[in-house]
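Down below is the structure, laid out as structure tokens.
Every number for a ligand or one of its atoms is a count from 1 in the order of the listing. Heavy atoms only: backbone and side chains are in, while hydrogens, waters and symmetry mates are out. All figures in this text were calculated on a predicted structure; none of them were measured in a lab.
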Amino acid sequence: MKISANTPKNILITGASSGLGAALALAYAASGRVLYLQGRKAEKLEEIAAKCRSRGANVYTKIVDVTDSAAMQNWVEQADKDNPLDLVIANAGISAGMGSDGENGEQVRKIFATNIDGVINTIQPVIPFMLKRGKGQIAIMSSLAGIRALPSSPAYSASKACVRYYGESLRGALAFSGVSVSVICPGYITTPMTDVNDFPMPFIMSPEKAAQRIIKGLEKKRGRIAFPLRLYLPLWWISCLSPRLTDPVFSRLPAKPSL
Ligand SMILES: NC(=O)c1ccc[n+]([C@@H]2O[C@H](COP(=O)([O-])OP(=O)(O)OC[C@H]3O[C@@H](n4cnc5c(N)ncnc54)[C@H](OP(=O)(O)O)[C@@H]3O)[C@@H](O)[C@H]2O)c1
């Protein structure tokens, strides 16, 4: 994607070694653009980086766990010092559900650490820099599971609701600073995260198509980028109803495998 007046030049994306993060990196890859890409699987991350370079982008990769706050602080700060970041996408995340034995404390803590602390560790280091410049954009990957809690994956739903609220609050708090915050709430996307699901996933979408929807929403600086509409709207409406009315259906949703 070419650089224009409303597309960012220097972009940092976490979880770029796979799925949605990789699709976003590839969609943004273009001559003149600087991409900071993060993951844990070096080989996969390098594969994506090489494809981005072949599209003309200048790419820097980093193997780091998003739960490591000190390492993330160093990496994000250094990236911003070298190339002031226009857009930071806190995308890395994990998912798991009740499986056959339920969700234990270890799994809950692991999901919260990655999906909540990981987001904090990605965006907090860059906020002071963006505020100083009076410009910049932050994108937080939530999910439609953050719109209406899914009993089939309690910790995942809670983590996505948490980062949605965090992002939406932050958007208001930074409204007059020149820094904009967007929260992304996708439905089902075909990635390794959903490959393990053995139940029907309505309106599932390719990561490439999802990346285009996200990029369009970010260009318009939308507060909430939620899609597909035909899944988002019913879930949003259901979230307004009393759990007493919706439990009989939602409690019967098929369980996602545990970690
Ligand atoms: N797929 C969907 O249907 C869907 C729907 C709504 C929202 N989302 C959200 O979209 C985001 C991306 O998911 P995806 O579907 O693209 O899944 P994915 O293909 O499994 O990719 C997850 C990415 O996150 C990285 N990651 C996970 N834990 C990490 C950690 N502790 N430290 C650093 N990196 C870590 C992974 O890196 P390594 O593999 O290199 O470790 C990988 O690059 C997630 O936040 C997910 O919750 C997905």
Part of Asn91 with heavy atoms under 4.0 Å of ligand 1, whether side chain, backbone, both or neither: both
Taking only non-hydrogen atoms of Tyr188 and a 4.0 Å limit, the atoms of ligand 1 in range are 3 (O)
Please determine if Gly39 has a nitrogen or oxygen closer than 3.5 Å to a nitrogen or oxygen of ligand 1. no
I'd like to know if the side chain of Ser157 reaches the main chain of Leu150, judged simply by a donor and an acceptor atom lying under 3.5 Å from each other, with no hydrogens or angles considered. yes
Has ligand 1 got any nitrogen or oxygen that is less than 3.5 angstrom from a nitrogen or oxygen of Ser142? no
Taking the side chain as everything from C-beta on, heavy atoms only, tell me whether Leu24 gets closer than 4.5 Å to Ile215. yes
CD/Gln38 to OG/Ser17 distance, rounded to the nearest 0.5 angstrom? 7.0 Å
Can you find a pair of side-chain heavy atoms, one from Asn10 and one from Asp82, that are under 4.5 Å apart? no
For Gly19, the ligand 1 atoms whose distance to one of its heavy atoms is below 4.0 Å: 16 (O), 19 (O)
Numbering the atoms of ligand 1 from 1, which are under 4.0 Å from a heavy atom of Thr114? 28 (N), 29 (C), 31 (N)
Indicate yes or no: does Lys110 engage Glu103 in a salt bridge with an N to O separation below 4.0 Å. no
Any heavy atom of Pro192 sitting closer than 4.0 Å to ligand 1? yes
Closest to atom 1 (N) of ligand 1 among protein heavy atoms sits Thr191 OG1, 3.1 Å
Indicate yes or no: at least one non-hydrogen side-chain atom of Val88 is less than 4.5 angstrom from one of Met130. yes
Considering both backbone and side-chain atoms of Ser18, is one of its nitrogen or oxygen atoms within less than 3.5 Å of a nitrogen or oxygen in ligand 1? yes
One thing to verify: whether Lys132 and Asp80 come together as a salt bridge, which I'm taking to mean a side-chain N less than 4.0 angstrom from a carboxylate O. no
Could you find the nearest protein heavy atom to atom 41 (O) of ligand 1 and give me its residue, atom name and distance? Arg40 NE, 2.7 Å
For ligand 1, which part of Gln38 has a heavy atom less than 4.0 Å away: the side chain, the backbone, both, or neither? side chain
Parallel, tilted or perpendicular: which fits the ring planes of Tyr36 and Trp75, with parallel below 30° and perpendicular above 60°? perpendicular
Counting heavy atoms only, which part of Val64 comes closer than 4.0 Å to ligand 1: side chain, backbone, both or neither? backbone
Heavy-atom distance under 4.5 Å between the side chains of Pro257 and Asn197, does that happen here? yes
Ignoring hydrogens and angles, write down the donor-acceptor pairs under 3.5 Å from the side chains of residues 225-244, residues two or more places apart or on other chains.
from, atom 1, to, atom 2, distance (Å)
Tyr232, OH, Arg224, NH1, 2.8
Ser239, OG, Trp236, O, 2.6
Ser242, OG, Arg244, N, 3.0

Is there side-chain contact between Ser142 and Ile184, with heavy atoms separated by less than 4.5 Å? no
At what distance is the nearest protein heavy atom to atom 10 (O) of ligand 1, and which residue and atom is it? Met141 CG, 3.3 Å
Honestly, for Lys160 the part within reach of ligand 1 (heavy atoms, under 4.0 Å) is side chain
Rounded to the nearest 0.5 Å, how far does OG1 of Thr114 lie from CG of Asp65? 6.5 Å
Among all protein heavy atoms, pick the one closest to atom 22 (C) of ligand 1 and tell me residue, atom and distance. Gly93 O, 3.6 Å
Does any N or O of ligand 1 fall below 3.5 Å from an N or O anywhere on Lys41, backbone included? yes
Does only the side chain of Asp65 get under 4.0 Å from ligand 1, or the backbone, or both, or neither? Count heavy atoms. both
Which of the numbered atoms in ligand 1 are under 4.0 angstrom from any heavy atom belonging to Ser143? 6 (C), 7 (C)
With atoms numbered from 1 as shown, which atoms in ligand 1 lie under 4.0 angstrom from a non-hydrogen atom of Leu20? 10 (O), 16 (O)
Nearest-neighbour protein heavy atom for atom 2 (C) of ligand 1, which is reported as residue plus atom name and distance: Ile189 N, 3.6 Å
For ligand 1, is there an N or O atom under 3.5 Å from any N or O atom of Gly21? no
Do ligand 1 and Pro186 have nitrogen or oxygen atoms that lie under 3.5 Å from each other? no
Which ligand 1 atoms are under 4.0 Å away from a heavy-atom of Thr194? 1 (N), 2 (C), 3 (O)
Nearest to atom 32 (N) of ligand 1, what protein heavy atom do you find, and at what distance? Val66 N, 2.9 Å
Numbered in order shown, the ligand 1 atoms found under 4.0 Å of a heavy atom of Gly15 are 23 (C), 24 (O), 25 (C), 42 (C), 43 (O)
Flag side-chain contact, heavy atom, 4.5 Å: Asp86 against Gln137: no
Six-ring centre of Tyr28, Arg33 cation under 6.0 angstrom, axis tolerance 45°: no
Ligand 1 to Ile94 polar contact by distance, N or O atoms, under 3.5 Å: no
Within the 4.5 Å heavy-atom criterion, are Ile214 and Met141 side-chain neighbours or not? yes
Main-chain N/O of Met98 paired with Ser258 side-chain donor or acceptor, under 3.5 Å: no
Ser182 side-chain N/O to Arg222 backbone N/O, donor-acceptor pair under 3.5 Å: yes
Whether Gly187 lies under 4.0 Å from ligand 1, heavy atom: yes
Students should be able to answer this: which protein heavy-atom is nearest to atom 8 (N) of ligand 1, and at what distance? Tyr156 OH, 3.6 Å
Of the protein's non-hydrogen atoms, which lies at the shortest distance from atom 38 (P) of ligand 1, and what is that distance? Ser17 OG, 3.4 Å
Is ligand 1 less than 4.0 angstrom away from at least one heavy atom of Lys44? no
